[in-house]
Amino acid sequence: MTRSPRAVRALVTTLAALLTATAAAAPARATPEPKAPRDFVALHSVDPTILHEIRYVTPHNFVGERIDGYRQPLCILTRPAAEALRTAQRRLLPQGYSLKVYDCYRPQRAVDHFVRWAEDLDDQTMKAEFYPNVDKTRLFADGYIAEKSGHSRGSTVDLTLVKLPAQPTRPYHPGEPLTPCFAPRDERFPDNSLDMGTGYDCFDTLSHTLDPRITGEQRANRTLLKNTLEDLGFVNLAEEWWHYTFKPEAYPDTYFDFPVSQRSVAGHR
């Protein structure tokens, strides 16, 4: 049977409409999350004895909320950095101490979160604890916040020392009264670490590793951490007693953005 041109045009129009409707109904493919390169590992898989208190997965940080990209309280590092921490831990355990990590690999989306927060001058939620003496307009100029972080390259870690046996640290409750991070130890937010003179992420010059105002036991504690890590290839950031980078870096020019989660390093040994 021969169809008329009008009938053919109608059939083509109907088929085109059906194809368009089918395409619209099909679910959009989700963009897969980036994964870590094979030489990134979870620290606990290299040394399960190193303590973790991953602050950015909690609201107890200078922003006051969980940070973008932190899915689990996990420390991810390049394998050479993780293995160097294992060696440090083996030296410290016989002395009655353990390492405790606060932050390790940090995705770029987390750094972007910090930048957005720093640009919002009205958000002063955590000022009383983390930056009581710093005007928020100065955070970029004074170097406390930047658009790129060495943490995103995978070989930088924020950490401290804990006297064994480790005592539990109570959780932070949003809205509770805040105390300056440089207050005397028994007045600061409780932390089971050794007294380093300030709390972690304290935006103050007292956080400078060799600040001359830090003396006695506090200076000795900083020196123990510094000497132990520098002997194994870590380099301290002079402005932050807790900040160390393993050298040479595996990725000195790459800033990664995979999330902090076990899935990002699944199968990495």
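Residue indices begin at 1 and follow the sequence shown. Bear in mind the structure is a predicted one, so any value in this text is a computation, not a measurement.
Separation of atoms NE2 (His243) and OG1 (Thr156) is listed at 4.5 Å; rounding is to 0.5 Å. The structure places CZ of Arg138 at 14.0 Å from CZ of Phe203, a figure rounded to the nearest 0.5 Å. We find the NE2-CZ distance between His113 and Arg106 to be 12.5 Å, quoted to the nearest 0.5 Å. Atom CZ in Phe256 sits 10.5 Å away from atom CZ in Arg153 (nearest 0.5 Å). The NZ atom of Lys136 sits 9.0 Å away from atom CD1 of Ile145, with the distance rounded to the nearest 0.5 Å. Between the CZ atom in Arg38 and the OG1 atom in Thr78 there is a gap of 15.0 Å [rounded to 0.5 Å].
Cluster membership check: Ile50 shares its hydrophobic cluster with Leu224, using side-chain heavy-atom separations under 4.5 Å among Ile, Leu, Val, Met, Phe, Trp and Tyr. Grouping the Ile, Leu, Val, Met, Phe, Trp and Tyr side chains by contacts below 4.5 angstrom, directly or via other members, places Phe182 apart from Met126. In terms of hydrophobic clustering, with Ile, Leu, Val, Met, Phe, Trp and Tyr side chains grouped at heavy-atom distances under 4.5 Å, Ile67 and Leu139 are assigned to a common cluster. Under a hydrophobic clustering in which Ile, Leu, Val, Met, Phe, Trp and Tyr are joined whenever their side-chain heavy atoms come within less than 4.5 Å, directly or via other members, Tyr244 and Leu51 fall into different clusters. Leu229 and Met196 end up in the same hydrophobic cluster when Ile, Leu, Val, Met, Phe, Trp and Tyr side chains are linked at under 4.5 Å.
Tyr97 is not listed as a side-chain neighbour of Thr228, based on a closest heavy-atom distance of 4.5 Å or more. Side chains of Leu237 and Thr245 form no contact here, defined as non-hydrogen atoms less than 4.5 Å apart. Contact annotation: the side chain of Glu239 never approaches that of Ser207 to less than 4.5 Å [non-hydrogen atoms, C-beta and beyond]. No side-chain heavy atom of Val57 sits less than 4.5 Å from a side-chain heavy atom of Val260. Using a 4.5 Å heavy-atom cutoff, the side chains of Cys104 and Ile76 are not in contact. Within the 4.5 Å cutoff, the side chain of Thr205 has heavy atoms near those of the Arg213 side chain. Side-chain contact between Tyr70 and Pro107: present, with at least one pair of heavy atoms (C-beta onward) separated by less than 4.5 Å.
Considering all non-hydrogen atoms of both residues, Arg170 and His173 come closest at NH1-CD2, 4.0 Å. When all heavy atoms of Asp68 and Arg116 are compared, the closest pair comes out as OD2-NH2, 2.8 Å. Nearest heavy atoms, Pro212 versus Thr215: O-CG2, 3.5 Å. Scanning all heavy atoms of the two residues, the minimum distance from Asn221 to Asp195 falls at ND2-O, 2.9 Å. When all heavy atoms of Leu85 and Leu99 are compared, the closest pair comes out as O-CD1, 3.7 Å. Of all the heavy atoms in Ala183 and Arg188, the pair that sits closest is O-NH1, 2.8 Å.
Cation-pi check for Lys247 over Phe234 is not met; the charged atom does not lie both under 6.0 angstrom from the ring centroid and within 45 degrees of its normal. Judged by the 6.0 Å and 45° rule, Lys100 forms no cation-pi pair with Trp242.
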Could you go step by step and tell me if Leu232 and Phe246 meet the side-chain contact (heavy atoms from CB on, under 4.5 Å) rule?
CA-CA 8 Å; Leu232 296 170; Phe246 183 74; 5.6 Å; no
Given side-chain hydrogen bond (donor to acceptor under 3.5 Å, both in side chains), test Gln262 with His44 step by step and report yes or no.
CA-CA 11 Å; Gln262 192 63 51; His44 66 70; 3.3 Å; yes
So Asp211 and Arg222, salt bridge (charged side-chain N to carboxylate O under 4.0 Å, His left out) or not? Walk me through it.
CA-CA 11 Å; Asp211 188 287; Arg222 291 188 185 190; over 6 Å; no
Step by step, work out the salt bridge (charged side-chain N to carboxylate O under 4.0 Å, His left out) result for Glu217 and Arg185.
CA-CA 12 Å; Glu217 181 182 346; Arg185 178 186 175 88; over 6 Å; no
What verdict does the side-chain hydrogen bond (donor to acceptor under 3.5 Å, both in side chains) test give for Asp191 and Tyr102, after you've listed the backbone C-alpha separation in whole Å, the side-chain angles of each residue and the deciding distance to 0.1 Å?
CA-CA 11 Å; Asp191 188 318; Tyr102 291 115; 2.6 Å; yes
Lys35 vs Phe40, test: side-chain contact (heavy atoms from CB on, under 4.5 Å). Steps then yes/no.
CA-CA 10 Å; Lys35 291 193 69 175; Phe40 278 73; over 6 Å; no
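The aromatic ring centres of Phe62 and Tyr144 sit 6.0 Å or more apart. In this structure, Phe189 has its ring center no closer than 6.0 Å to that of Phe130. Between Tyr56 and Trp117, the distance separating the two ring centers is not shorter than 6.0 angstrom.
Checking side-chain atoms of Arg219 against main-chain N and O of Thr223 turns up no donor-acceptor pair under 3.5 Å. A donor-acceptor distance shorter than 3.5 angstrom exists from the side chain of Thr87 to the backbone of Glu83, with no hydrogens or angles considered. Judged by distance alone, the side chain of Glu176 and the main-chain N or O of Tyr172 form no donor-acceptor pair under 3.5 Å. Checked by atom type and distance alone, the side chain of His151 never pairs as donor or acceptor with a backbone atom of Tyr105 at under 3.5 Å. Between the side chain of Asp257 and the backbone N or O of Gln108, at least one donor-acceptor pair lies under 3.5 Å. Asn236 places a side-chain N or O within 3.5 Å of a backbone atom of Glu240 that can act as its donor or acceptor partner. Checking side-chain atoms of Arg55 against main-chain N and O of Asp103 turns up no donor-acceptor pair under 3.5 Å. Between the side chain of Ser155 and the backbone N or O of Glu249, no donor-acceptor pair lies under 3.5 Å. When atom types are taken as modelled, the side chain of Lys127 and the backbone of Val134 share a donor-acceptor pair closer than 3.5 angstrom. Side-chain N or O atoms of Ser264 include one that pairs as donor or acceptor with a backbone N or O of Pro259 at under 3.5 Å.
A 6.0 Å sphere centred on CD of Gln124 holds more than 12 heavy atoms belonging to other residues, nucleotides or ligands. Other residues, nucleotides and ligands contribute at most 12 non-hydrogen atoms within 6.0 Å of the CZ atom of Arg263.
Each of Leu159, Asp158, Thr160, Leu74 was checked for a side chain to side chain contact (heavy atoms under 4.5 Å, CB included) with Val101, and the lone residue meeting it is Leu159.
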